[in-house]
Protein chains: 2
Amino acid sequence: MELEEAKAKFIQAWGTLGSSWGINRTMSQIHALLIVSVDPLTTEEIMDQLKISRGNANMNVRALMDWGLITKELVPGERKEYFQAGKDIWQVARQIAKERKRREVEPILEVLDQVKEVKGTGAEVDEFNRMMGELEDFTGKADTTLDKFIRSDENWFYKTLLTLMK
Amino acid sequence: MELEEAKAKFIQAWGTLGSSWGINRTMSQIHALLIVSVDPLTTEEIMDQLKISRGNANMNVRALMDWGLITKELVPGERKEYFQAGKDIWQVARQIAKERKRREVEPILEVLDQVKEVKGTGAEVDEFNRMMGELEDFTGKADTTLDKFIRSDENWFYKTLLTLMK
DNA sequence: TTAAACTTTCAAATATTTCTGAAAATAAAT
DNA sequence: ATTTATTTTCAGAAATATTTGAAAGTTTAA
């Protein structure tokens, strides 16, 4: 397979994966494009390569910066802004875990906390409280594990995986 | 908080969580509704409680059955179908992990396999191959870990978490 | 200054996803 | 066989999400 074909295939697949995880397609594609680019790219180059408008490129590049997945590189003597993706895949995974935890796990923990201990008696109430308790327990454990992963270095995680897989 | 208010809050929160993970809101809400219902519900009851149409209810109940998250219960002497959610939260998590692995992790592994070993030389090609290699390594590890989790019993996972959290 | 290069914004257009409701299909009872 | 109960389907409607592109904003250079 030729390089250009392989790149296109990867960008396309990454975009699809992103959208099935609630991340918009273009954002994932820009990320993929920057991951496979040796040098940083300008907004113009991103627009050209992905055939998208300036507004779209700008908006998604900013979203990627918010997620901490790409950085703005200032090339001396150049006015244009260049963008570069973090290339360490473990760091990328940790960064994504961090953002999703903050945006999604934490809100559900808050709700579970709020609905805990419903007034009244009866099977319905008992069942509800038991279920919410289990869910909070589970979600809390997931949260703690994510924290550990987010703080970990690659080596720690690798060792842990070896343990898990033994 | 009253039971009905708490249920509504949970159903709403679960729906929102679902949609940020690429699962449609109604599907998540039906799942939540069945999780907090002591007894199985009919399509009619689901429609009433969530204020949704028959078509919508039917389609999402089937999707939940495809995911293995709810089952059809046949009540003797009744013609209507009743639906019930699995109440063991670890089992629910394992089932979701299983489906998402099949639908999302496996396709990306296939693509990574396809784009591996691009022809040609130069920094671009080397960088691309290195990056795809890292990604495949990472994704493969995630895949293996998911497998382990899917096959695990609650007790195994609980013990592992304790180890991770020590 | 003024002009040129570049970035950001946002209202409207487009695309995608989800939902409705009535009709068709199926299954059970009479 | 006919009626009644229930489920499924699916075309069109509605709701959401994404994208465009042109205008406004900003920064740097001359």
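Since the structure is predicted, the reported quantities are computational estimates derived from the model, not experimental observations. A, B, ... follow the sequence lines: proteins, then strands. Residue 1 opens every chain.
Every residue two or more places apart in sequence or in another chain that forms a ring-ring contact (aromatic ring centres under 6.0 Å, His included) with B/Phe10 is listed here: B/Trp14. Under the side-chain contact (heavy atoms from CB on, under 4.5 Å) criterion, A/Glu104 pairs with A/Arg100, B/Leu17, B/Ser20, B/Trp21, not counting sequence neighbours. In this structure B/Lys9 satisfies the salt bridge (Lys or Arg N to Asp or Glu O under 4.0 Å) test with no other residue, sequence neighbours excluded.
One atom, NZ of A/Lys51, and another, P of C/dT14, lie 21 Å apart when rounded to the nearest Å. Computed from coordinates, the B/Leu50 CG to C/dT20 P distance equals 10 Å when rounded to whole Å. Between the CE atom of B/Met47 and the P atom of D/dA5 there is a distance of 16 Å, rounded to whole Å.
Applying the salt bridge (charged side-chain N to carboxylate O under 4.0 Å, His left out) definition to pairs two or more places apart or across chains, those involving residues 107-123 of chain B are A/Glu2-B/Lys119, B/Asp113-B/Lys116, B/Lys116-B/Glu136.
Using a 4.0 Å cut-off between charged nitrogen and carboxylate oxygen, A/Lys7 and B/Glu124 count as a salt-bridge pair. A salt bridge links A/Arg54 with A/Glu44; the closest basic N to acidic carboxylate O contact falls under 4.0 Å.
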Side chain to side chain donor-acceptor pair (under 3.5 Å) evaluation trace for A/Asn58 with A/Arg62: CA-CA 6 Å; A/Asn58 183 268; A/Arg62 268 184 304 115; 3.2 Å; yes

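Non-hydrogen atoms lying under 4.0 Å from DNA chain C are contributed by nothing in residues 9-40 of chain A.
Taking 4.5 Å as the limit, every side-chain heavy atom of A/Thr121 sits out of range of all side-chain heavy atoms of A/Asp126.
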Show each protein N/O and nucleotides 6-10 of chain C N/O combination with a separation under 3.5 Å, one pair to a line.
{"from": "C/dT7", "atom 1": "OP1", "to": "A/Glu81", "atom 2": "N", "distance (Å)": "3.0"}
{"from": "C/dT8", "atom 1": "OP2", "to": "A/Asn58", "atom 2": "ND2", "distance (Å)": "2.4"}
{"from": "C/dT9", "atom 1": "OP2", "to": "A/Arg62", "atom 2": "NH2", "distance (Å)": "3.4"}

